[in-house]
Protein chains: 2
Amino acid sequence: MPETARQPRGEPHDGPFLGDFVCFSIYSASLAFNRVYKPLLAEMGLTYPQYLVMVVLWEGDDRTVGGIGEVLSLDSSTLTPLLKRLEGMGHLTRARDSHDERVVRVRLTPAGRNLRLKARVVPGCILEATGMSMDELRRLQGEIDALRRNLEAANG
Amino acid sequence: MPETARQPRGEPHDGPFLGDFVCFSIYSASLAFNRVYKPLLAEMGLTYPQYLVMVVLWEGDDRTVGGIGEVLSLDSSTLTPLLKRLEGMGHLTRARDSHDERVVRVRLTPAGRNLRLKARVVPGCILEATGMSMDELRRLQGEIDALRRNLEAANG
DNA sequence: TACGAATAAATCGCGCGCAATCCAATCGCA
DNA sequence: TGCGATTGGATTGCGCGCGATTTATTCGTA
């Protein structure tokens, strides 16, 4: 699918070209990562987005829905049902803040905190699957983050 | 969210670490790309996956469902309804192959071919939004593709 | 103090992605 | 020739992502 392009920046052209394919590469890599994570996380009964929320909470408990959404760039229409599922599994509680009833505070249960132990093997497996060194990954991550920031800036 | 890790390869550790976050970066960049594409593609009435299928068909018409799926790493349970929507929009036709009735051949209509003209401005807009040079993007794409290949290999 | 604006979360509808399953057509081999 | 195995798609069920709307609460200000 990759095909080198020769057009100058911003001008129309006949076919698809590089700008598209960086996106396709990322899209496709994202799906590929998901397929690697799925069997690992299935042992904990988690999906990847659910795992991300748990990681965020392990890093810092007692957050609001919006606070979690800020870290993950997801909004309440995605998070509310996801959090309800995690609540249903007994990993966290959702409760309105008594000082501001608009806010829902999300807190880990002991079971949710405990799940972190089971999750300890995950990053090593993922690292293994990438087939890359930590240094390579660190550098690559930096570049992708820079790209994401540019995209977010361009989007307003 | 990024936080540097110090653990040696493959060993358990207390918190999430780099291997996870490369994935998060890609996941998040993928969503960010989608948000940039959405308004552009909305003018053509396409979603990003639909656009990808159209790009594949513009590159080479008259493909099977499986053939498209091979290029995009998607299977029939994703593609069948997507292709039906594109068919409903009048961009393509779906017909069983007369020599092998198991196979469905997907072909562009004149309208579908014509849509390519409207799509010509898209890559330039995307390139602009990335805020990167073509050379940078080309290199980055190569690294991400290598990562994806590793993941697919690790996954069997 | 009352009332409109702003804010936080929830709800709804739709389109992916994918595992699991099903079905029909074709192939392979005795 | 027949029959089990394989293959290509379709279907179903579920969990995201997100735009659009709704509801409840709080804030700002006259």
Side-chain angles (χ1 to χ4, degrees), chain A residues 24 26-39 41-42 44-54 63-70 72-89 94-106 152 155-156, chain B residues 24 26-39 41-42 44-54 63-70 72-89 94-106 152 155-156:
Chain A
F24 175 70
I26 287 177
Y27 163 83
S28 198
S30 177
L31 299 182
F33 255 125
N34 205 357
R35 290 190 277 264
V36 174
Y37 268 105
K38 185 160 291 193
L41 298 180
M44 296 185 280
L46 295 180
T47 65
Y48 181 66
Q50 288 167 8
Y51 171 72
L52 283 181
V53 167
M54 293 304 291
R63 299 193 189 237
T64 66
V65 174
I68 296 169
E70 184 123 7
L72 299 178
S73 300
L74 296 173
D75 76 7
S76 70
S77 58
T78 298
L79 287 174
T80 295
L82 189 158
L83 290 168
K84 282 183 178 175
R85 273 171 223 120
L86 289 174
E87 184 183 34
M89 297 178 210
R94 295 162 57 253
R96 293 279 169 184
D97 186 309
S98 56
H99 295 311
D100 185 344
E101 293 276 346
R102 292 171 303 182
V103 173
V104 167
R105 306 210 67 91
V106 179
E152 283 167 0
N155 215 29
Chain B
F24 175 69
I26 287 177
Y27 162 82
S28 197
S30 177
L31 298 182
F33 255 124
N34 205 359
R35 290 190 277 265
V36 175
Y37 268 105
K38 185 161 292 193
L41 298 180
M44 297 184 278
L46 296 180
T47 65
Y48 181 66
Q50 288 167 8
Y51 171 71
L52 283 181
V53 167
M54 294 304 290
R63 300 192 188 237
T64 67
V65 174
I68 296 169
E70 183 124 7
L72 299 177
S73 300
L74 296 172
D75 75 7
S76 71
S77 58
T78 299
L79 287 174
T80 296
L82 189 158
L83 290 168
K84 283 183 178 175
R85 273 171 223 121
L86 289 174
E87 184 183 34
M89 296 177 211
R94 295 162 58 252
R96 293 280 169 182
D97 186 309
S98 55
H99 295 311
D100 185 345
E101 292 278 345
R102 291 172 305 180
V103 173
V104 167
R105 306 211 67 90
V106 178
E152 283 167 0
N155 215 29

**Asked** Which whole-number value in Å describes the distance from A/N155 CG to D/dC18 P?
**Response** 11 Å
**Request:** Give one of base, sugar-phosphate or nothing for A/T47, where a contact means two heavy atoms less than 4.0 Å apart.
**Result:** sugar-phosphate
**Fill in**
A/E87 and A/R94 have their tightest heavy-atom pair at OE1-NH1, 3.1 Å
**Fill in**
Here the distance between atom P of D/dG17 and atom CZ of B/F24, to the nearest Å, is 11 Å
**Asked** Is B/S77 side chain donor-acceptor paired with the D/dA10 base, going by distance under 3.5 Å alone?
**Response** no
**Prompt:** What is the distance, rounded to the nearest whole Å, between atom OH of B/Y37 and atom C1' of D/dG17?
**Reply:** 18 Å
**Request:** Look at A/K84 and D/dG15 and indicate whether a side-chain polar atom (N or O) is within less than 4.0 Å of OP1 or OP2.
**Result:** no
**Request:** Answer with base, sugar-phosphate or nothing: what part of the nucleic acid does A/R94 contact at a heavy-atom distance below 4.0 Å?
**Result:** sugar-phosphate
**Asked** Taking atom P of D/dG17 as reference, at what distance in whole Å does atom OH of A/Y27 sit?
**Response** 13 Å
**Message:** Does B/L31 reach a base, just sugar-phosphate, or nothing at all? Heavy atoms under 4.0 Å.
**Reply:** sugar-phosphate
**Request:** Specify the residue among A/E101 and A/L82 whose closest nucleotide of DNA chain D lies further upstream toward the 5′ end.
**Result:** A/L82
**Request:** Answer whether the closest heavy-atom distance between the side chains of B/S73 and A/L31 falls below 4.5 Å.
**Result:** no
**Message:** Without decimals, in angstroms, what is the distance between A/N34 CG and D/dG15 C1'?
**Reply:** 11 Å
**Request:** Select base, sugar-phosphate, or nothing to describe what B/R96 touches, counting heavy atoms under 4.0 Å on all strands.
**Result:** sugar-phosphate
**Message:** Rounded to the nearest 0.5 Å, what separates atom CG in A/L82 from atom OG1 in A/T47?
**Reply:** 5.5 Å
**Nearest-0.5 Å distance, OG1 of residue A/T64 to CD of residue A/E70** = 8.5 Å
**Item:** Nucleotide nearest B/S76 (side chain, heavy atoms from C-beta), chosen from D/dA10, D/dT7, D/dC18
**Value:** D/dA10
**Message:** Once rounded to the nearest 0.5 Å, what's the spacing between atom CG of B/L52 and atom CG of B/L74?
**Reply:** 8.0 Å
**Item:** chain A contact limits on DNA chain C, taken 5' to 3' with a cut-off of 4.0 angstrom to heavy atoms
**Value:** C/dT7 to C/dC18
**Asked** Whole Å only: how far is the CD atom of B/E87 from the C1' atom of D/dA10?
**Response** 14 Å
**Message:** Taking only side-chain N and O atoms of A/Q50, does any of them lie within less than 4.0 angstrom of OP1 or OP2 on D/dG15?
**Reply:** no
**Prompt:** Looking at CG of A/L83 and CZ of A/R63, how far apart are the two atoms once the value is rounded to the nearest 0.5 Å?
**Reply:** 12.0 Å
**Item:** Beyond-backbone contact of B/L41 with B/Q50, side-chain heavy atoms, under 4.5 angstrom
**Value:** no
**Request:** Looking at every strand, decide which applies to A/S73 at a 4.0 Å heavy-atom threshold: base, sugar-phosphate, or nothing.
**Result:** sugar-phosphate
**Message:** Between the base of D/dG9 and the side chain of B/T64, is one N or O donor paired with an acceptor at under 3.5 angstrom?
**Reply:** no
**Of A/T80 and A/A32, the one whose closest DNA chain C nucleotide lies more 5'** = A/T80
**Prompt:** Judged by atom type as modelled, is there a donor-acceptor pair below 3.5 Å linking the side chain of B/R96 to the main-chain atoms of B/R105?
**Reply:** no
**Asked** When the nearest nucleotide of DNA chain C is assigned to B/D100 and to A/L79 on a heavy-atom basis, which residue is associated with the more 5' position?
**Response** A/L79
